[in-house]
Amino acid sequence: MSLAERYMEFQRWPASRKVLAFALPSSLVHAGYWWQARALAEQTGQPAAHLLAAAALLWTLTIVGWAAVAGIAAWRARAAPWVAHLFAANHAVFTVVVMHVGTGIPALTWIPLVALLFAFCFDERVGMTMLGASLASAFLLIVVPVPLLDVPPLVDPALGAVEDVVRELVALLVIVDFLLFALVLSSQRVLERRLQQANRMIRRYVPAQLADRIAAGSHLEGAKHERRKLTIVFTDVVGFTSLSDELDSEELAALLNEYLGEMTLVADRFGATVNQLIGDGIMIFFGAPTATDDRDHALRAVHMGQAMQQRMAELRERWFKRGLQRPFRIRIGINTGFASVGDFGSPGRMMYSAIGTQTNLAARIQSHCAPDRILVSHATWALVQDAVPCTPKGDIQVKGLHYAVAVYEVADAIAERAT
């Protein structure tokens, strides 16, 4: 695991666990700082030195307290984000007080660095809490008169080491912040690569347009179903059952995957929503989740069907040369009408789909279509008749409907021109 990946893993930790990871080593460091401050106070006897030692001790004890609180929250599997904010505010106040009394170095020179450190390690909200508490503490120390704090900083030779330690700490914070900045950039690149890979994987399992909406955050979970006018396309392989008896399962699977892959590529080229791959059948629709107008949907559906039949003619020739005696032949049914579109399923597993009578009608029209042909309903024909020549094929009786349905065969299918 790379350093960037380890940082990304750390960012997924709950806030209580992060506070515990910070507080444990921090309490040891500040205990040492308090020990040094106490020794310096005994040497000089200055009020500021005693105040510094007292503040350092209280600071150490509060950090130990926050470690205990964070440990309990982590043990109970609680995220407890409030612990991070209170820890940051507590850290900010005591940092300002101790450094103000011990060195007199203006807090504005290093507060942003500490706040940035907290932002990198927790999140920007905790960083803002750190920054706000630090600035408020610094402002109060300057504006509000506190006699006990109104003493010169510890600048005599005996305590010059305190200033040196603070300067070294500031320099260290600058280096750490730059390293963290580089780490964040590296992590972002790793995250971008993972998101791209995840998006490619999502597009293999859900419609491409839906994957784009999910990635953009525009597809709301649990959104209400919409009633939209769609152009629905069903394709099916003629005699697939008999073909499956003639071929080995491995050869059949490879052939089916090649067929489905080629058909979905054609559908993507026309901006279709590939809804379901049902064995050897494909359900496709135009008009959701993105839409233009009814005529455009119908025209793209018919042109897509023509391109599919053209591609199937090429595939049949290829497969025949490879030894397949009876290559796939498909039939395509198209219908335009209103359907209910949205997420269907259980809370744990959802599927974006379209349901309704018009969807079923498209499937029934496909079953009445001749091999290598495209059959459309009257509703679709009315939208494309001026652009695509069609031949009336009379009325068909469809299961589930009490009336006959007029259908039309696309006369100038590309598959016909190719022969």
S.K.: State plainly whether the residues Glu258 and Arg318 are in salt-bridge range, i.e. N to O under 4.0 Å.
M.R.: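 Answer for the salt bridge query: yes.
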S.K.: Under a 4.0 Å threshold between the charged nitrogen and the carboxylate oxygen, would Asp294 count as salt-bridged to Arg228?
M.R.: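 Not counted as a salt bridge, because no side-chain N and carboxylate O are separated by less than 4.0 Å.
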S.K.: Start with the C-alpha distance between Gln309 and Ile330, add both sets of side-chain angles, then the distance that settles side chain to side chain contact (heavy atoms under 4.5 Å, CB included), and finish with yes or no.
M.R.: CA-CA 8 Å; Gln309 292 291 12; Ile330 65 170; 3.5 Å; yes
S.K.: Leu230 versus Phe286: any side-chain heavy-atom pair under 4.5 Å?
M.R.: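 Not touching, per the 4.5 Å side-chain cut-off.
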S.K.: Can you find a heavy atom in the side chain of Pro289 that is under 4.5 Å from one in the side chain of Thr273?
M.R.: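 Yes. Closest side-chain heavy atoms under 4.5 Å.
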S.K.: Is the count of non-hydrogen atoms from other residues, nucleotides or ligands lying under 6.0 Å from Arg76 atom CZ greater than 12?
M.R.: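 Count not over threshold, so no.
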S.K.: Please report the shortest heavy-atom distance between Arg331 and Ala370, naming the atom on each side.
M.R.: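 Heavy atoms only, the tightest pair is CB-O, 3.7 Å.
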S.K.: If you measure from CZ on Phe328 to CG on Asp236, what distance do you get to the nearest 0.5 Å?
M.R.: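 Answer for the CZ-CG pair, Phe328 versus Asp236, is 10.5 Å.
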S.K.: Does Val398 form a side chain to side chain contact (heavy atoms under 4.5 Å, CB included) with Leu361? I'd like the steps, not just the answer.
M.R.: CA-CA 7 Å; Val398 176; Leu361 179 56; 3.8 Å; yes
S.K.: If you draw the axis of the six-membered ring of Trp35, does the NZ or CZ of Arg38 fall within 45° of it and under 6.0 Å from the ring centre?
M.R.: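 Yes; both conditions hold, so Arg38 lies above the ring face of Trp35.
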S.K.: Could you walk me through whether Val274 and Leu277 pass the side chain to side chain contact (heavy atoms under 4.5 Å, CB included) test, one step at a time?
M.R.: CA-CA 8 Å; Val274 181; Leu277 304 179; 4.0 Å; yes
S.K.: Taking side chain as C-beta onward, heavy atoms only, is Arg269 less than 4.5 Å from Val266?
M.R.: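 Touching, per the 4.5 Å side-chain cut-off.
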S.K.: Heavy-atom distance under 4.5 Å between the side chains of Gln306 and Ile332, does that happen here?
M.R.: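 Sidechains of Ile332 and Gln306: no contact.
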S.K.: Mind telling me whether Tyr352 and Phe285 have parallel, tilted or perpendicular rings, with 30° and 60° as the class edges?
M.R.: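 Tilted, since the angle between the ring planes falls between 30° and 60°.
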S.K.: Would you find more than 12 non-hydrogen atoms of other residues, nucleotides or ligands less than 6.0 Å from Phe320 atom CZ?
M.R.: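 Counting neighbours around CZ of Phe320, 12 or fewer heavy atoms of other residues, nucleotides or ligands fall under 6.0 Å, so no.
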S.K.: Working note: Asn275 + Ser353, criterion side chain to side chain donor-acceptor pair (under 3.5 Å); need CA distance, chi angles, decisive distance, verdict.
M.R.: CA-CA 6 Å; Asn275 180 230; Ser353 187; 2.9 Å; yes
S.K.: Ile334 vs Ile374, test: side chain to side chain contact (heavy atoms under 4.5 Å, CB included). Steps then yes/no.
M.R.: CA-CA 8 Å; Ile334 304 176; Ile374 304 168; 3.7 Å; yes
S.K.: Given the rule in the salt bridge (charged side-chain N to carboxylate O under 4.0 Å, His left out) test, do Arg316 and Asp372 qualify, once you have shown the distances and angles that lead to the verdict?
M.R.: CA-CA 11 Å; Arg316 279 197 299 273; Asp372 308 328; 3.3 Å; yes
S.K.: Compute the ring centroids of His378 and Tyr408, then answer whether they are less than 6.0 Å apart.
M.R.: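 When the ring centroids of His378 and Tyr408 are compared, they turn out to be within the sub-6.0 Å range.
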